[in-house]
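Below: one structure, written as structure tokens.
The figures that follow rest on heavy atoms only: side chains count, while hydrogens, waters and symmetry mates do not. Counting starts at 1 for both ligands and their atoms, in listed order. Values in this document were obtained by computation on a predicted structure and should not be read as measured data.
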Amino acid sequence: MTKLSVNINKVATLRNARGGNVPDVLKVAQDCEEFGADGITVHPRPDERHIRRSDVYALRPLLRTEFNIEGYPSDDFIDLVLKVKPHQVTLVPDSPTQLTSNAGWDTKANLSFLSEVLDGFNQAGIRTSVFVSTDPEMIEYAAKAGADRVELYTEPYASSYAKGREAAVAPFVEAGKVARSLGLGLNAGHDLNLENLHYFYQNIPWLDEVSIGHALICDALYLGLQRTIQEYKNCLR
Ligand code: PXP
């Protein structure tokens, strides 16, 4: 079964726009779970422009499904994750001011840094995932660094889907095979949506998890959160 982890950063962005507590990020996370999400993802950034550190602490005891915290492993981030102890941490190579993640790690150049960080999380019993492109070498070095999983950066798939989905998915299928041959679990995320998700899943059915935020929250404006989550879950069957 491929799990659907809902990234709720956009909900926090909406809340922060007015300074109050509407929409209530904690309630939305719990509702996502009730409506069928298999996990919740948050990406706390240093400027707290969407998810805040306090949200991360508050979510931990409330969630009944898998909690995934993603972000750049700064000292603050590492400290937060070790205190909160989510089920999974996903390491992303983005700078503090970046709008959204737009590339995977160079796991070869960052091998010693990643090895050290991953070792700390492994020792704390937190499953680790490293955000990478489909380059087989990047996946091999993620395994060398000690990751449990890789998360494939799917923006290139999403942006070329309309031009030809077979060609768009091909490098991801190959990357998925490399990960599997190395004993790594496989996650995917970025710009996945109701149009492109099912085909991705059909071609890589051994995918462990997709993490989806932007499109899902946008769809919820039209379809409602409950129906949206059910439709994304239907794409993973
Ligand atoms: N995976 C990672 C590592 C991300 O940084 C993001 C965006 O925060 C996502 C998945 C979700 O991407 P999207 O919001 O486009 O669904």
Side-chain angles (χ1 to χ4, degrees), residues 2-14 16 25 28-29 32 37-52 55-56 66-74 77 81 86-107 114 117 121 127-134 138-139 142 147-161 172 175 179 185-198 200-201 207-221 225 228-229 231-233 235-236:
T2 303
K3 291 186 170 179
L4 169 67
S5 186
V6 175
N7 179 320
I8 57 168
N9 269 23
K10 282 278 137 53
V11 179
T13 305
L14 194 56
N16 297 354
V25 170
V28 172
C32 287
D38 307 296
I40 298 294
T41 292
V42 294
H43 190 148
R45 286 195 161 86
D47 60 7
E48 300 199 314
R49 65 181 186 268
H50 28 61
I51 283 290
R52 301 174 182 141
D55 295 324
V56 182
E66 285 208 4
F67 193 20
N68 174 43
I69 306 181
E70 59 179 40
Y72 180 82
S74 62
F77 178 86
V81 174
H87 301 91
Q88 176 175 273
V89 60
T90 301
L91 305 186
V92 180
D94 56 357
S95 73
T97 53
Q98 205 154 305
L99 198 57
T100 181
S101 320
N102 63 359
W105 283 94
D106 183 338
T107 49
L114 287 173
V117 172
F121 291 136
R127 190 175 69 225
T128 55
S129 180
V130 171
F131 196 48
V132 288
S133 71
T134 53
M138 295 302 118
I139 299 169
D148 297 310
R149 294 187 181 183
V150 285
E151 178 179 332
L152 298 177
Y153 172 52
T154 47
E155 191 279 337
Y157 164 73
S159 58
S160 39
Y161 180 86
F172 290 86
L186 189 66
N187 297 345
H190 225 285
D191 289 326
L192 293 173
N193 61 34
L194 284 178
E195 199 192 341
N196 62 34
L197 180 60
H198 182 62
F200 193 82
Y201 164 74
L207 198 58
D208 290 299
E209 177 187 296
V210 289
S211 153
I212 306 182
H214 186 78
L216 189 152
I217 301 301
C218 293
D219 288 331
L221 289 175
L225 190 56
T228 299
I229 289 177
E231 295 213 1
Y232 275 84
K233 290 280 291 179
C235 294
L236 299 171

Can Arg49 and Asp47 be counted as an ion pair, charged N to O under 4.0 angstrom?
->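 Looking at Asp47 together with Arg49, the answer is yes, because their closest N to O distance falls below 4.0 Å.
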Kindly compute the distance separating OG1 (Thr41) from CD (Glu66), expressed to the nearest 0.5 Å.
->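 It comes to 9.0 Å.
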Atom 1 (N) of ligand 1 [closest protein heavy-atom partner, distance rounded to 0.1 Å] =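 For this ligand atom, the closest protein heavy atom is Glu151 OE2, 2.5 Å.
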Under 4.0 Å, heavy atoms only, figure out whether ligand 1 is touched by the backbone of [X], its side chain, both or neither.
| X | value |
| --- | --- |
| His43 | side chain |
| Asp191 | both |
| Lys10 | neither |

Does an N or O anywhere in Glu70 fall below 3.5 Å from an N or O of ligand 1?
->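 Indeed, backbone or side chain, Glu70 has an N or O that close.
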Is Gly213 close to ligand 1, meaning an N/O of one under 3.5 Å from an N/O of the other?
->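 Indeed, backbone or side chain, Gly213 has an N or O that close.
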Using a 4.0 Å cut-off to any heavy atom of [X], which atoms of ligand 1 qualify?
| X | answer |
| --- | --- |
| Val92 | 3 (C) |
| Phe131 | 3 (C) |
| His214 | 13 (P), 14 (O), 16 (O) |
| Ser211 | 1 (N), 10 (C), 11 (C) |
| Asn7 | 8 (O) |

Evaluate ring pair (Phe, Tyr, Trp, His ring centres under 6.0 Å) for Tyr72 paired with Phe77, printing each intermediate quantity in order.
-> CA-CA 7 Å; Tyr72 180 82; Phe77 178 86; 8.3 Å; no
Are Phe131 and Val150 close enough that some pair of their side-chain heavy atoms sits under 4.5 Å apart?
->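 Not in contact.
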Tyr232 side chain near Val6 side chain, heavy-atom distance below 4.5 Å |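 With C-beta onward as the side chain, the pair stays apart.
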Kindly determine whether Thr228 and Asp219 satisfy side-chain hydrogen bond (donor to acceptor under 3.5 Å, both in side chains), including the steps that lead there.
-> CA-CA 6 Å; Thr228 299; Asp219 288 331; 5.9 Å; no
Mutual orientation of the aromatic rings belonging to Tyr201 and His198 [parallel < 30°, tilted 30-60°, perpendicular > 60°] =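 Ring orientation, 0 to 90° scale: tilted.
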Please say which of Arg127, Gln88, His43, Glu151 ends up in a side-chain hydrogen bond (donor to acceptor under 3.5 Å, both in side chains) with Asn68.
->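 Result: among Arg127, Gln88, His43, Glu151, Gln88 is the only option passing the side-chain hydrogen bond (donor to acceptor under 3.5 Å, both in side chains) with Asn68.
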